[in-house]
Amino acid sequence: QVQLVESGGGLVQAGGSLRLSCAASGRTFSAYGMGWFRQAPGKEREWIALISWSGGTTYYPDSVKGRFTISRDNAKKTAYLQMNSLKPEDTAVYYCAAKLIAATGMTMATSYAYWGQGTQVTVSS
């Protein structure tokens, strides 16, 4: 079992940067791929990043590719999302989630077993 807590959200100007953290507790952090999702009011939850258990492989949709970078430190049981060149369209609640290695469908929320509470990111124009 893994418990996740996001932090680092806040207000930022368009073009600025933020770094989100996802602190995990439990004994099996390294057994999970770690993902990030976001959800704006009235919109569907959107997958935005995944990193493998070893940190050796990352995935992004076109909407954030080249601007966002996911990373993890298994020794610290923490995943990160570095967000650069932020746009007003990036405004959303951001969630980290833990994906079982064997689960398929990395873009689907149902593939992730554990979720954080979310942290608000607001990008002003």
Side-chain angles (χ1 to χ4, degrees):
Q1 186 175 354
V2 175
Q3 296 80 45
L4 306 173
V5 179
E6 305 96 333
S7 62
L11 276 64
V12 64
Q13 294 184 151
S17 298
L18 281 175
R19 191 190 198 201
L20 306 183
S21 296
C22 175
S25 61
R27 296 176 293 174
T28 56
F29 178 73
S30 63
Y32 298 89
M34 293 299 300
W36 287 91
F37 288 75
R38 66 186 181 186
Q39 188 166 23
K43 297 185 181 297
E44 298 295 319
R45 187 165 297 187
E46 177 189 15
W47 168 79
I48 54 172
L50 175 70
I51 187 167
S52 64
W53 69 270
S54 67
T57 309
T58 58
Y59 305 89
Y60 310 92
D62 289 342
S63 59
V64 306
K65 191 177 299 181
R67 299 189 298 122
F68 291 9
T69 303
I70 187 172
S71 61
R72 69 189 295 165
D73 185 334
N74 288 345
K76 296 181 178 179
K77 295 185 176 181
T78 303
Y80 306 93
L81 185 69
Q82 178 67 45
M83 304 185 294
N84 299 325
S85 301
L86 284 163
K87 307 173 181 179
E89 294 83 354
D90 295 319
T91 296
V93 176
Y94 283 69
Y95 300 89
C96 66
K99 176 184 177 296
L100 290 171
I101 295 173
T104 59
M106 64 179 178
T107 68
M108 299 187 296
T110 53
S111 295
Y112 295 77
Y114 304 103
W115 294 81
Q117 83 291 342
T119 185
Q120 177 71 47
V121 172
T122 302
V123 184
S124 64
S125 60

* Around Gln120, counting heavy atoms of other residues, nucleotides and ligands shown, do more than 12 lie under 6.0 Å from its CD? ->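 Yes, enclosed.
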* Is it the case that more than 12 heavy atoms not belonging to Gln117 sit under 6.0 Å from its CD atom? ->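 Enclosed: over 12 neighbouring heavy atoms sit under 6.0 Å from CD of Gln117.
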* Can you name the residues that form a side-chain hydrogen bond (donor to acceptor under 3.5 Å, both in side chains) with Glu89, not counting sequence neighbours? ->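 Listed in chain order: nothing, the list is empty.
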Do [X] and [Y] get their side chains close enough for a donor-acceptor pair, meaning under 3.5 Å?
X	Y	answer
Gln3	Ser25	yes
Ser17	Asn84	yes
Ser63	Glu46	yes

Side chain [X], main chain [Y], donor-acceptor under 3.5 Å:
X	Y	value
Gln82	Phe68	no
Lys99	Gly35	no
Thr78	Ala23	no
Ser111	Met106	no
Gln39	Glu44	no

* Please confirm whether Tyr112 and Tyr32 have ring centers closer than 6.0 angstrom. =>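 No, ring centres 6.0 Å or more apart.
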* Answer yes if the ring centres of Tyr59 and Trp47 are under 6.0 angstrom apart, and no otherwise. =>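 Aromatic pair excluded; centres sit 6.0 Å or further apart.
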* To do: Measure from NZ or CZ of Arg45 to the centre of the six-membered ring of Trp115 and say whether it is under 6.0 Å with the direction within 45° of the ring axis.
  =>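 Because its charged atom sits under 6.0 Å from the ring centre and within 45° of the axis, Arg45 does stack over Trp115.
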* Nearest-0.5 Å distance that lies between atom CZ in Arg38 and atom CG in Asp90 ->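 These two atoms lie 4.5 Å from each other.
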* So, Asp62 and Lys65, do they make that salt bridge, N to O below 4.0 Å? ->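 Yes, Asp62 and Lys65 are salt-bridged.
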Any idea which heavy atoms bring [X] and [Y] closest together, and the distance?
X	Y	answer
Gly8	Thr119	N-OG1, 4.3 Å
Leu18	Val12	CD1-CG1, 4.0 Å
Ser85	Arg67	O-NH1, 3.0 Å
Arg72	Gly33	NH1-CA, 3.8 Å

